[in-house]
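Proteins come first, then strands; the chains are lettered A, B, ... in the order of their sequence lines, and each starts at number 1.
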2 protein chains.
Amino acid sequence: MTPLVRSRLGGAAPPGIKADVDRRPVTLEEVARIAGVSRATVSRVVNGVATVDRELRQVVEKAISTTGYTPNRAARSLVTRRAGAIGLVLPDEGRTVHDPYFGRVVSGVLPVIRPLGVQLVLTTGDHREVVDDIRQHRLDGVILIHTHATDPLPRQLIEANLPVVLAARPVRPMSITYVDVDQAAGAALAADHLISSGCRRLATITGPLETPAGQDRLRGFLDTTTRHGLPEPLVVEGDFSREGGAEAARHLTDAGLDGLFVASDLMATGALPILRNAGLRVPEDLKVVGFDDSSPAVECDPPLTTVRQPVEDMAAEMARLLVDRVDRPDRPVSSVVFAPTLVLRESA
Amino acid sequence: MTPLVRSRLGGAAPPGIKADVDRRPVTLEEVARIAGVSRATVSRVVNGVATVDRELRQVVEKAISTTGYTPNRAARSLVTRRAGAIGLVLPDEGRTVHDPYFGRVVSGVLPVIRPLGVQLVLTTGDHREVVDDIRQHRLDGVILIHTHATDPLPRQLIEANLPVVLAARPVRPMSITYVDVDQAAGAALAADHLISSGCRRLATITGPLETPAGQDRLRGFLDTTTRHGLPEPLVVEGDFSREGGAEAARHLTDAGLDGLFVASDLMATGALPILRNAGLRVPEDLKVVGFDDSSPAVECDPPLTTVRQPVEDMAAEMARLLVDRVDRPDRPVSSVVFAPTLVLRESA
DNA sequence: TTCCGCTGTGAGAGCGCTCTCTGAACCCTC
DNA sequence: GAGGGTTCAGAGAGCGCTCTCACAGCGGAA
């Protein structure tokens, strides 16, 4: 399909991968023998250590390319105590994996770590498995996404001083590296847009208010309406699910609203049919802004104006922070907060 | 080996604040010393080799649990030449990763391999990376999803006799293990449903006809209409994309249809608004059946009656076939075809 | 010259595990 | 009781790599 991939294959295709699978693979030892140097010198060349004579380096490099040598990662891991792999931990297989958000994380992480020769290992949030994987040196660190308030895993990893990065601000403050979007700023973006579109009778369907995201989005929304001197908006708590959005919307159909901020696109997809069935036209009667810019936002009717998190960028940053922490565990934790943007579609 | 080394383990932490990560983990050697047996015996217990005396086994097991021993996978890999990891190869990061299908594959694979202690490594279809990973013994085998007709990777892996499983029937017949759904049967299911709902003037929006899925779904559809003695249905080729679905639908608005089979849900989400704008009510005027049962099917309006592939089951089967092949590379390739089901929603 | 420091190379000791091979201990049969 | 067979534990040799340490070689200072 993509010419890029194909062209890259054409030239670089190794002289048959067969050789290495059927036969015993080439070892450092063998390269050393061919180059007429010691194993140590080949190792230096492979690992880019500077203290190798230029000519000798070239001889070694030639031997490497003619033999098609690739280092055995297990052997290297054994001595370096590095797995060369990081884990992406999913809370449970049932939900998150199906969330398009997950795919965006993956496509943000891969381009960062692959050039470093680091693998991305997918694993469930099963506590024991994650810890085991790290203890067995199968994982150098982990990215945790969608952890729940009650999940002891983050704290335990922190206490064990294991490299870990969270995909969101932790529920309770702790000394942990995380990457997040400025949730409140995103909600403010939504509120500002509604207000500047002429809406005056606002409401919001929030996320679960025990989550940081739920809290922050509500706060950003309310702060903005207050700043504009608008009356207290209607607030209905949702749970980030489609059904939760539908249920919340039922409380809003008779409120005479002209603007609604729904704290997640998924909830919005649940809410829209309810609103429509109640005779409210979106956006003519009621303008609706979502949050996440997930695929439901594109697919629903009308397509949703929504707050976009730069998930790929955030994921890439998580990968960078994690790799950095693996390399230098002593460095202080640092977190990064990204700015959201508003994506204009047809619902507001 | 030398007692000196071991005493370093038990003793106080080295100068400076050393993290848990850096603390030397328990080794076989140490468990053996505590249990008063040899390393070999502990290894036997760990690996479940039967020829260990019951009492001795219990002593060893106790030593393992008190020390919290976990085998170092790198060391094991080095000698067994097994990575204990399989790869899930995505064609490119841009598309598939965002496809909910991908998540379903992951959640089908994980429950199969995690109990076996096998890791799931996510990687892009970049040819060199995949081959490198396998050559470096970082991957025991791979599951390829969404390979294109021009992709040389499957054939190369086959020729190199590397364990590989395809997530679909290969474009050109080859001696390769694959798992697929019976595409034609799925299309027949859709056609049967439309016909038994009273539709007589049928059409289909197909997938790209150079793909096996595109071909088979069309064939299954046409075979069924023929069997029922209906007139030749209208056939418009699509490309499995939302836009392709919309484009194809434009050719169908004036055809006086009462039944439409769209060969993918995503295309259906593109087609539905076009049909609605043309004044066709779904399902009153025109019944529509999709294919895939992906999330768009749920989210679109009206929710789509569609053909469901048992993706999780299929993925689990892929994992099983792959693991099996890794264990016994000499066994003949065998493929598995799953039966699709019809999911009734509101569009037909 | 002698000594020092510096650069760059090789030798060799492991990393933690598996697995073969040896041999002790025991049981059976004649 | 001897011979043979069977069972099961231990010794030891690696797997392929990294990394420390010793040291050769060389230029320059004393």
Send over the distance from [X] [atom1] to [N] [atom2], rounded to a whole Å.
X: A:Leu56; N: D:dG25; atom1: CG; atom2: C1'; result: 15 Å
X: B:Arg81; N: C:dC19; atom1: CZ; atom2: P; result: 12 Å
X: A:Leu28; N: D:dC19; atom1: CG; atom2: C1'; result: 13 Å
X: B:Glu55; N: C:dA25; atom1: CD; atom2: P; result: 17 Å
X: A:Glu30; N: D:dC17; atom1: CD; atom2: P; result: 10 Å
X: B:Glu29; N: D:dA13; atom1: CD; atom2: C1'; result: 14 Å
X: B:Asn47; N: C:dC19; atom1: CG; atom2: P; result: 7 Å
X: A:Arg73; N: D:dT18; atom1: CZ; atom2: C1'; result: 13 Å

ask   = Can A:Arg328 and A:Asp324 be counted as an ion pair, charged N to O under 4.0 angstrom?
value =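 Yes.
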query = Hey, is B:Asp313 close enough to B:Arg104 for a salt bridge, meaning N to O under 4.0 Å?
reply =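 Not counted as a salt bridge, because no side-chain N and carboxylate O are separated by less than 4.0 Å.
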Which nucleotide in [options] has an atom nearest any side-chain atom of [X]:
X: A:Asp53; options: D:dC17, C:dT9, D:dG10; value: C:dT9
X: B:Thr80; options: C:dG16, D:dC17, C:dT18; value: C:dT18
X: A:Asn72; options: C:dC17, C:dG10, D:dG16; value: D:dG16
X: A:Leu78; options: D:dG10, C:dG10, C:dC15; value: C:dC15
X: B:Pro71; options: D:dG16, C:dC17, D:dT18; value: C:dC17

request  = Determine: side-chain N/O of B:Thr41 to OP1/OP2 of D:dG10, distance under 4.0 Å, yes or no.
outcome  =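 Answer yes for this pair, as a side-chain N or O of B:Thr41 is under 4.0 Å from OP1 or OP2.
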inquiry  = Whether B:Thr27 contacts C:dG16 is assessed here as follows: a side-chain N or O lying under 4.0 Å from the phosphate OP1 or OP2. Is that the case?
reply    =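 It does not, given that no N or O in the side chain of B:Thr27 lies less than 4.0 Å from OP1 or OP2 of C:dG16.
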request  = Any chance you could measure B:Leu139, atom CG, to B:Arg82, atom CZ, to the nearest 0.5 Å?
outcome  =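 Between B:Leu139 CG and B:Arg82 CZ, I get 13.0 Å after rounding to 0.5 Å.
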task = Would you check, one step at a time, whether the test side chain to side chain contact (heavy atoms under 4.5 Å, CB included) holds for A:Asp180 with A:Ser335?
result = CA-CA 8 Å; A:Asp180 206 345; A:Ser335 296; over 6 Å; no
5'-most by nearest nucleotide on DNA chain C - B:Ala74 or B:Ala40 =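 So the residue in question is B:Ala74.
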note = When A:Val37 and B:Ser43 are each assigned the nearest nucleotide of DNA chain C, the 5'-most assignment goes to A:Val37
key: Test log, rule salt bridge (Lys or Arg N to Asp or Glu O under 4.0 Å), inputs B:Asp133 and A:Arg114   = CA-CA 11 Å; B:Asp133 273 351; A:Arg114 293 303 321 209; 3.2 Å; yes
inquiry  = Once you apply a heavy-atom cut-off of 4.0 Å, does A:Arg39 come out as touching a base, just sugar-phosphate, or nothing?
reply    =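 Base, at least one base atom sits under 4.0 Å.
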inquiry  = At less than 3.5 Å, do the side-chain atoms of A:Arg44 and the base atoms of C:dG10 form a donor-acceptor pair?
reply    =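 Under the 3.5 Å cut-off, the side chain and the base do form a donor-acceptor pair.
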